[in-house]
2 protein chains.
Amino acid sequence: MYDILLTYISQRAVTPITAEQAVLIRDAFKPKKLRKKQYLLQEGDVCKYLSFMVKGAMHQYSIDEKGNEHIVRFGIEQWWMADRESFEMQTPTRYNIDAWEETELLQISRPAYLSLRDAVPAVMEMTQELDKRGSIAAQKRIQAVISYTAEERYLDLLKTHPYFLQRFPQHMIASYLGISAETLSRIRKQALSK
Amino acid sequence: MYDILLTYISQRAVTPITAEQAVLIRDAFKPKKLRKKQYLLQEGDVCKYLSFMVKGAMHQYSIDEKGNEHIVRFGIEQWWMADRESFEMQTPTRYNIDAWEETELLQISRPAYLSLRDAVPAVMEMTQELDKRGSIAAQKRIQAVISYTAEERYLDLLKTHPYFLQRFPQHMIASYLGISAETLSRIRKQALSK
DNA sequence: AAAAGGGCTTGACATTTATCAAGAAGATCT
DNA sequence: AGATCTTCTTGATAAATGTCAAGCCCTTTT
């Protein structure tokens with residue numbers, strides 16, 4: 001299972017990974033399994049690990065005063081999960097992250113991550129690449145949510161991340177889009193007839 | 001005016017800037033002035049420069065089929081302006097960036113930026129710090145826009161970036177919040193009476 | 001000084017979306 | 001198998017927000 005991680009890193013870096021470095025990486029990450037509905041992170045916790053998803057599906061969400069879930073992010077195989085802010089600043093998180101499907105992770109602690117980044121250039125490069133893509137994607141999503149109607153956002157999601165629609169229930173997709181489950185159901189019905 | 005930039009960088013980096021490096025930085029950035037309403041970047045252009053704002057106020061926005069502006073980002077003194085995606089990938093941008101107030105910039109081209117980052121560790125560190133903060137802020141804004149009502153988002157902006165409200169007209173603030181100018185006007189009236 | 005334009009507010013009305021409630025189909029648990 | 005839970009859909013209604021139009025005030029331009 002470490003192979004997936006090693007391949008993932010090298011594909012996103014310029015500098016190749018040496019055999020010694022590969023060992024460092026293996027040693028730094030510990031495997032962890034989560035059952036359905038198990039928490040990776042709960043509101044109030046400090047996010048101690050950065051987790052690479054080997055298998056499964058998770059979602060990151062906040063809960064408002066009325067008890068409604070608001071989904072901020074989905075994650076599936078080959079995505080990283082963590083609350084960035086909490087992990088970087090070591091402050092309590094306002095989010096929950098839990099497993100929607102049976103999930104397998106490779107986890108690294110923050111101290112181990114910091115030294116690994118210094119020891120392995122490819123890890124540093126991958127991190128930067130991820131940050132870059134992350135902020136570009138976040139900006140697009142912001143633009144979408146302030147400029148487009150609910151229907152346009154749904155159609156865009158259908159185009160860019162169709163696999164989300166197959167792996168998460170509709171009420172989660174609705175929450176991710178910032179609309180109610182009923183509205184999404186009606187939008188889909190309408191979209192069909194076109 | 002280069003002092004502002006040098007101070008800005010050293011405050012955001014761990015490694016100090018040597019005298020030789022300061023010269024490299026000075027040489028890499030060229031000053032540029034923009035009058036009100038002048039474009040820094042227009043839809044379809046490739047974003048060639050990363051611009052540090054020494055003075056002034058700008059906004060980055062897209063325009064939809066109906067001709068409506070949707071403001072994605074504001075910038076004032078000590079902010080960086082560029083379309084990240086276009087600058088990194090050298091692809092045509094979907095955004096416009098223009099000066100709302102008289103603006104002074106320090107600009108660096110992409111090749112100069114890449115070599116400066118390698119030559120000056122502090123620049124590299126600052127970049128990473130910015131990316132990190134950028135993605136955290138973007139995530140918060142996404143969460144706000146899918147979870148909160150228009151009024152809550154306005155009150156939050158009032159708390160976190162009150163200076164925006166003083167420097168940009170209300171219809172731009174409304175667009176930034178993803179609501180119409182009329183709705184913002186009504187929200188403010190209501191908020192007063194509380 | 002007059003004219004033109006931009007920004008803000010207000011009212012009337014239309015549209016979109018949320019909320020509440022109910023029911024059907026399927027999955028899961030015991 | 002039966003009970004329970006979840007998901008999805010649909011209808012009725014309410015609430016939030018957008019759109020259009022008009023007017024006022026202030027600034028800029030001529």
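Proteins come first, then strands; the chains are lettered A, B, ... in the order of their sequence lines, and each starts at number 1. Side chains are part of it too, since the values below use all heavy atoms of this structure and drop only hydrogens, waters and symmetry mates. This is a predicted model, so every value here is computed, not measured.
Taking 4.0 angstrom as the limit, B:K189 places none of its side-chain polar atoms (N or O) nearer than this to OP1 or OP2 of C:dT9.
For A:H171, there are no side chain to side chain donor-acceptor pair (under 3.5 Å) partners two or more places apart in sequence or in a different chain.
The separation between A:I146 atom CD1 and D:dG18 atom C1' is 16 Å, rounded to whole Å. As a whole-Å value, the separation of A:K37 NZ from C:dT28 P is 11 Å. Regarding B:L177, its CG atom lies at a distance of 10 Å from the P atom of D:dG18, rounded to whole Å. If you measure from atom CD of B:E69 to atom P of C:dG7, you get 10 Å, rounded to the nearest angstrom. Nucleotide D:dT7 holds its C1' atom 14 Å from the NZ atom of A:K36, rounded to whole Å. Between the CD atom of B:Q190 and the P atom of D:dA15 there is a distance of 13 Å, given to the nearest Å. Counting to the nearest Å, the P atom of D:dT6 and the CZ atom of A:F168 are 18 Å from each other. What separates CG of B:L184 from P of D:dT19 is a distance of 15 Å, to the nearest Å.
If you find the closest nucleotide of DNA chain C to B:E182 and to B:H171, the one lying nearer the 5' end belongs to B:H171.
The distance between the ring centers of A:F87 and A:Y113 falls below 6.0 angstrom. The six-membered or imidazole ring of A:F52 lies near that of A:Y8, with a centre-to-centre distance under 6.0 Å.
Screening residues 174-183 of chain B for salt bridge (Lys or Arg N to Asp or Glu O under 4.0 Å), with sequence neighbours left out, gives no hits.
Between B:Q11 and B:Q78, the side chains place no donor N or O within less than 3.5 Å of an acceptor N or O (distance only, hydrogens not considered).
Which of C:dG7, D:dT10, D:dG18 sits closest to the side chain of B:R186 comes down to D:dG18.
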Contact list (N/O, under 3.5 angstrom) for nucleotides 15-17 of chain C vs protein:
from, atom 1, to, atom 2, distance (Å)
C:dT17, OP1, A:A150, N, 3.3

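Looking at B:R35, B:K36, B:R167 one by one, the single match for side chain to side chain donor-acceptor pair (under 3.5 Å) with B:E101 turns out to be B:R167.
When all heavy atoms are compared, the tightest approach of A:I71 to B:I146 is O-CD1, 3.1 Å.
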